[in-house]
Structure formats: structure tokens, C-alpha cells
Amino acid sequence: LLSLHYYAIAVADEFASRYEKLLDRLSAIINQSAAEISNEIEAIFDEIIDDGSLKYRDKHHRLATNILSNYFSGFGIAAALPTKMMKVAEVYWTLETDEDFESSFSRQPALEERFNLEYLLGTEYFPASAFQTPMLHWLLYAPAEATGFLLSFSEKTIGAFVESGFDEDIEEIELTIDEKKVRQCANSRLWKLFRGTSTAPTLLESMYMALERHLLEVAEVLDAHVTVAICKRLLRDSKYVTTTALVASVVIKFPEKLFPVAEILFGTKELFLYDTERKLSDDLAASLYSIPSFGGSDPFQKLYVEERIKTCDDKHRKWSLEDIARNYQFFASDASDDFHVRQRRIWEILDRYYAALPEESAQNEDDKTWRIYLARMDRRKMAPTIKDAPDRNGQIIEFNPMLTPELREYSEISLAGVNAFMQHVPLKLWGKARLDRRQSDYVQIEKYEADPLEALRDARGILDELNSATAEQRYWNFN
């Protein structure tokens with residue numbers, strides 16, 4: 001109570017901003033004492049919520065900044081008043097109506113403003129991490145309310161971005177859940193948001209990272225029926241694939257538990273395409289996450305970076321929905337007694353996709369690409385072989401999809417084009433791993449480890465290409 005007394009005196013001062021350090025210390029004490037003074041804290045929160053505004057010079061702005069900053073700073077209040085804290089967060093994070101960039105700024109809106117978020121949040125929650133924001137605590141103490149808040153908040157933020165028309169490639173996809181149709185807005189940016197490998201506000205990335213982390217933890221211990229129900233609710237209540245993408249991640253991690261959810265995802269063609277792109281982006285995620293300097297002003301920055309890099313070690317990151325659909329047809333765990341039922345259900349889905357294809361003479365490149373996807377997923381159209389792998393002390397399965405001569409030629413031409421654009425990726429990965437002193441990573445790129453001068457020769461080759469390549473090739477070389 002003494003801390004609240006001094007807090008009231010400090011914020012009542014017309015020039016309260018000069019007491020920032022004192023307010024920081026008082027905020028920490030208030031947070032640690034939240035269980036004993038929850039009624040008083042709730043009164044402050046009600047004042048903020050009723051006012052509906054929390055600008056920089058408002059008296060409670062500093063308190064909100066402190067308790068909403070990360071997993072560690074507002075843990076006491078998150079435990080005592082999770083629902084009220086979410087409402088305060090919405091006021092704090094949402095772009096003020098009188099600060100609408102279209103009417104108040106001559107400059108182009110920042111990314112956060114396009115998502116209806118305060119401009120300064122772009123730096124306040126950088127780098128993105130599940131440990132940014134109190135979201136993990138909210139999910140622990142009020143899971144239903146926390147997921148509901150995230151979905152509602154997404155409608156106001158992601159919804160604003162979709163309506164802005166900034167991304168012209170946003171499409172509407174359709175899921176079938178318990179015989180009911182659910183429509184969601186989708187594109188690559190939204191699908192990869194939970195991994196932080198697209199360009200999106202770090203606040204939203206952090207909240208979805210926290211939700212994925214929470215779901216992966218609870219799915220491991222909860223009964224399968226409960227986990228399926230949670231995933232279905234998330235799919236049913238979301239208007240955007242940001243949530244669907246992380247549900248797919250949980251399915252890929254626990255395929256035996258979540259076949260009913262997997263079946264829903266398999267029924268929407270576009271999800272296979274988006275998740276393949278996510279899988280490819282994850283191959284470079286560790287390098288992307290390590291970009292922020294450990295010498296930043298935020299004392300937790302190193303922890304945020306390490307948390308993200310650690311997620312790259314999860315084995316399921318190397319799999320995609322396509323891989324899981326194929327694996328269901330080949331493998332069954334000891335606990336699974338319905339292998340043939342699953343196999344038959346997947347074949348029914350694949351047969352619907354075959355039936356929807358146009359005649360071969362009318363097929364475009366997208367159709368041919370999709371046929372290759374189907375061939376890679378359909379056990380009935382494979383000629384698998386088993387080979388010994390002495391270096392791995394086991395055996396490997398080569399699935400060998402059976403492609404028509406025309407489709408094989410198309411696949412080889414496409415692969416050659418991709419390889420041409422990606423030929424310098426090993427150099428980038430080796431250089432970044434060497435810079436970060438990640439020995440376990442750089443020793444795997446034997447080409448440059450055996451002959452470092454080869455790296456210099458390839459780097460010079462890139463410079464030559466930049467002077468003669470097309471604009472598209474220059475983009476790939478720069479990135």
C-alpha cells in the first residue's frame with residue numbers, strides 16, 4: 001500500500017515524466033505485491049479502461065509500459081488480474097483514433113500502423129519472442145480468455161491490415177470443421193507470422209509465438225480428445241490463417257494425437273503450399289533470429305534471441321503438412337489401431353483433389369506443381385525403396401514418387417531454376433555460423449571448412465553476378 005501511495009503522488013504531478021526511474025521501481029513493487037493489493041490495482045485498470053486512451057504523457061502510461069513489456073515484468077499482476085490486464089493491454093497497444101495515419105501524417109504509415117497498432121511498438125517488442133508480452137502468463141492463468149483475447153485482438157489488427165489492401169495476394173480459403181464451412185483470410189505473410197520469418201509487427205509475432213509455445217507444452221500432457229477440441233475451437237473461431245498455421249505446427253509435432261485436426265487441414269489445398277514455404281523459411285530461421293545484437297539496451301534481449309534460436313532445434317520444424325500426410329500412409333505407432341482407417345481417409349481427400357484437376361492439355365504451371373505435390377503425398381503412386389545408411393546406424397526410405405515423363409521434365413526444370421537462385425545459400429549459412437561461432441553448424445558445410453579460400457572465390461563470383469544478373473537474381477544474391 002505504501003508503494004501505491006507514492007505512486008499516486010508521483011503520477012499526480014504535472015511533470016510526472018521526470019519521475020520515470022521512481023515509477024519504474026514502484027511498478028516493480030506493485031507487481032510483486034499484486035496478490036495483496038489486487039483491488040487497488042484493479043481500480044487503476046478500470047480508470048484506464050474507462051478512459052479508453054493511454055498516451056505517452058498520461059499518468060498511468062509508465063506503469064502500463066512496465067507491466068506489459070515482457071514475461072518477467074508483470075507476472076504478479078498477470079496472475080492476480082489476467083482478464084483486466086488484457087483489457088489494459090488492448091488500450092495500450094491499439095492505435096489511437098485521433099492518431100490515424102491517413103489524417104494525421106503526411107508520411108507513409110509504419111508497418112504497425114497498418115495493423116492498427118501504436119507506431120512505437122515496433123521497437124518496444126523487438127526482437128520478437130514468446131517471452132515478450134505477458135501472453136504466456138495469461139495463457140497459464142486464464143487460457144480460454146487469453147486465446148479469446150488474441151483472436152479478438154487479431155480481428156482489430158490483422159483485420160485492419162487485410163482491409164487496407166496493402167498485400168494484394170491475400171486470398172480467402174475454406175476449412176470444413178464438423179461439416180461446417182469456415183472462411184479465413186490467408187497469404188504467406190500471415191501463415192509465417194507465428195515463426196517470425198515474414199514481415200509483421202513484432203508484438204503480434206510475439207503473442208502468436210507464445211500461443212504456439214503454450215499449445216506445444218499442453219498438447220504433450222493433455223488427453224487427445226481435449227487437445228483436438230482446443231485445436232478445432234481455434235480453427236473455427238479464427239478469421240485468419242495466423243492461428244491455423246500454429247495449429248498445423250502442433251499437428252506436425254503430435255500427429256498420432258491429432259489426426260482429426262490433420263484431416264481438416266488436409267482438406268484445404270492452399271495450406272500444403274503455405275506450409276511448404278514455412279518449412280523452407282525455417283531452414284534459415286536461426287540465421288534470421290540471430291541478427292539482433294546481444295548488446296542492446298534491453299537486458300532480456302539475449303534471452304529473447306536464444307529462445308527463438310532454440311525453437312529451431314525442434315525436430316518437427318523440418319516437417320510440413322505434406323510430409324505428415326505421406327507419413328500417415330506409411331507409419332503407425334504402437335498406440336495406433338486405426339492405421340488403415342487413416343490411410344483410407346487420406347486417399348479419399350487425395351482422390352477429390354485428382355478429380356478437381358483440369359484436363360492435362362488445359363493445365364497451367366500451378367496445376368502441374370500441385371500434381372507433383374499429390375505424387376509426393378500419395379503412397380499408391382510411389383515405388384519406395386529401403387537403403388542402408390551406415391553413417392546413421394540405420395536405414396533410410398526413398399519414397400520415389402512416380403511422375404509422368406512430362407511432369408518429371410517440368411519438375412527437373414523447376415528444380416534447376418530454384419537451385420540456380422539458391423546456389424549461394426551454403427556460403428551465407430557458413431559465413432553467418434562462423435561469425436556467430438556456432439561450430440555445430442559451420443562444420444556441417446564441409447565445402448568451405450575444407451577450403452576457406454573457396455568461400456572467397458564464391459564471394460567474388462557473387463560480385464561478378466551482381467554486375468551482370470537480372471533484377472530477380474540480384475535480389476536473391478542480396479538476400
Side-chain angles (χ1 to χ4, degrees), residues 93-95 101 108-119 121-123 125-130 132-133 135 150-175 182-212 234-235 238-249 252 265 268-289 291-292 308 311-312 317 320-322 366 369 421 472 475-476 478-479:
W93 290 333
T94 304
L95 185 69
F101 56 78
Q108 286 292 312
L111 180 65
E112 282 69 29
E113 292 165 324
R114 293 190 186 278
F115 280 83
N116 196 31
L117 295 169
E118 285 289 345
Y119 169 67
L121 297 180
T123 55
Y125 294 97
F126 178 83
S129 166
Q132 295 270 30
T133 83
M135 188 69 188
L150 180 56
L151 296 179
S152 173
F153 191 61
S154 295
E155 290 186 23
K156 298 176 182 178
T157 53
I158 298 174
F161 178 77
V162 170
E163 291 175 6
S164 74
F166 184 76
D167 274 4
E168 297 179 355
D169 63 340
I170 289 178
E171 60 181 336
E172 189 175 74
I173 58 105
E174 187 175 84
L175 303 173
V182 175
R183 290 179 173 82
Q184 298 179 345
C185 294
N187 73 350
S188 177
R189 184 199 298 264
L190 299 181
W191 186 267
K192 296 190 294 184
L193 185 145
F194 82 104
R195 290 296 291 148
T197 53
S198 61
T199 304
T202 51
L203 168 65
L204 291 176
E205 290 178 343
S206 298
M207 295 176 75
Y208 276 94
M209 289 171 180
L211 179 56
E212 190 215 17
L234 289 171
L235 294 176
S238 179
K239 296 182 178 180
Y240 313 99
V241 294
T242 42
T243 310
T244 303
L246 63 85
V247 169
S249 175
I252 294 169
L265 302 177
T268 302
K269 165 186 172 180
E270 293 83 359
L271 304 191
F272 289 106
L273 309 180
Y274 287 132
D275 205 51
T276 297
E277 189 172 346
R278 186 276 311 160
K279 173 184 171 182
L280 294 173
S281 296
D282 266 346
D283 289 341
L284 302 175
S287 295
L288 178 65
Y289 296 152
I291 289 176
R308 279 295 90 195
T311 65
C312 297
R317 305 293 179 196
S320 68
L321 287 175
E322 174 191 335
D366 289 341
T369 299
F421 283 125
E472 186 177 8
Y475 169 82
W476 282 99
F478 271 121
N479 290 278

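All figures in this text were calculated on a predicted structure; none of them were measured in a lab.
- To the nearest 0.5 angstrom, Leu204 atom CG is 8.5 Å from Thr242 atom OG1.
- The side-chain contact (heavy atoms from CB on, under 4.5 Å) check on Lys279 picks up Ser320, Asp323, with sequence neighbours excluded.
- We find the CZ-OG distance between Phe194 and Ser249 to be 4.5 Å, quoted to the nearest 0.5 Å.
- Between Leu271 and Leu175, the closest side-chain pair of non-hydrogen atoms falls below 4.5 Å.
- Put simply, the side chain of Tyr289 reaches to within 4.5 Å of the side chain of Thr311, judged on heavy atoms.
- Looking at Leu235 and Leu265, their side chains come closer than 4.5 Å, going by heavy atoms from C-beta outward.
- Taking the salt bridge (Lys or Arg N to Asp or Glu O under 4.0 Å) definition, one finds that Lys156 meets it with Glu90, sequence neighbours left out.
- How far OH of Tyr208 is from CG of Leu190: 9.0 Å, rounded to the nearest 0.5 Å.
- Here the CD1 atom belonging to Ile170 is positioned 9.5 Å from the CD1 atom belonging to Ile158, to the nearest 0.5 angstrom.
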Between Ile173 and Thr244, is the side chain to side chain contact (heavy atoms under 4.5 Å, CB included) condition met? List the steps. CA-CA 11 Å; Ile173 58 105; Thr244 303; 5.8 Å; no

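- Remark: Lys239 NZ is loosely packed, at most 12 non-hydrogen atoms of other residues, nucleotides or ligands lying under 6.0 Å away.
- Within the structure, every pair that satisfies the salt bridge (charged side-chain N to carboxylate O under 4.0 Å, His left out) test and touches residues 280-289, not counting sequence neighbours, is listed here: Arg195-Asp282, Arg278-Asp282.
- Heavy atoms only, all atoms of each residue included: Ala248 and Trp191 are closest at CB-CZ2, 4.1 Å.
- Counting only distance, with no hydrogens or angles, the side chain of Ser238 and the backbone of Tyr240 share a donor-acceptor pair below 3.5 Å.
- Ion pairing between a basic and an acidic side chain is recognised when a charged N comes within 4.0 Å of a carboxylate O; Arg317 and Glu212 show such pairing.
- Of all heavy-atom pairs spanning Ala200 and Leu111, the tightest one is C-CD2, 3.6 Å.
- Put simply, the side chain of Lys192 does not reach to within 4.5 Å of the side chain of Tyr274, judged on heavy atoms.
- Judged purely by atom type and a 3.5 angstrom limit, Gln132 has no side-chain atom pairing as donor or acceptor with the backbone of Leu203.
- Distance check, rounded to the nearest 0.5 Å: CE of Met207 to CG of Leu150 gives 5.0 Å.
- Listed by chain and number, the residues in a side-chain contact (heavy atoms from CB on, under 4.5 Å) with Ala128 are Thr202, Glu205, Ser206, Met209 (sequence neighbours excluded).
- Contact record, Glu277 with Ser188: OE2-OG, 2.8 Å, taken as the closest heavy-atom pair.
- Side chains of Arg189 and Thr199 form a contact here, defined as non-hydrogen atoms less than 4.5 Å apart.
- Note that the CZ atom of Phe115 and the CD atom of Glu113 stand 12.5 Å from one another [nearest 0.5 Å].
- Scanning both residues, Ala160 and Asn116, for their nearest heavy atoms gives CB-CB, 3.8 Å.
- The main-chain N or O of Phe153 is found under 3.5 Å from a side-chain atom of Thr157 such that the two form a donor-acceptor pair.
- Between Tyr125 and Leu117 the shortest side-chain heavy-atom distance does not fall below 4.5 Å.
- Legend: residues meeting side-chain contact (heavy atoms from CB on, under 4.5 Å) with Asp169, ordered by chain and number and at least two apart, are Asp167, Asn187.
- In this structure, the side-chain contact (heavy atoms from CB on, under 4.5 Å) partners of Ser164, at least two apart in sequence or on a different chain, are Phe161, Phe166.
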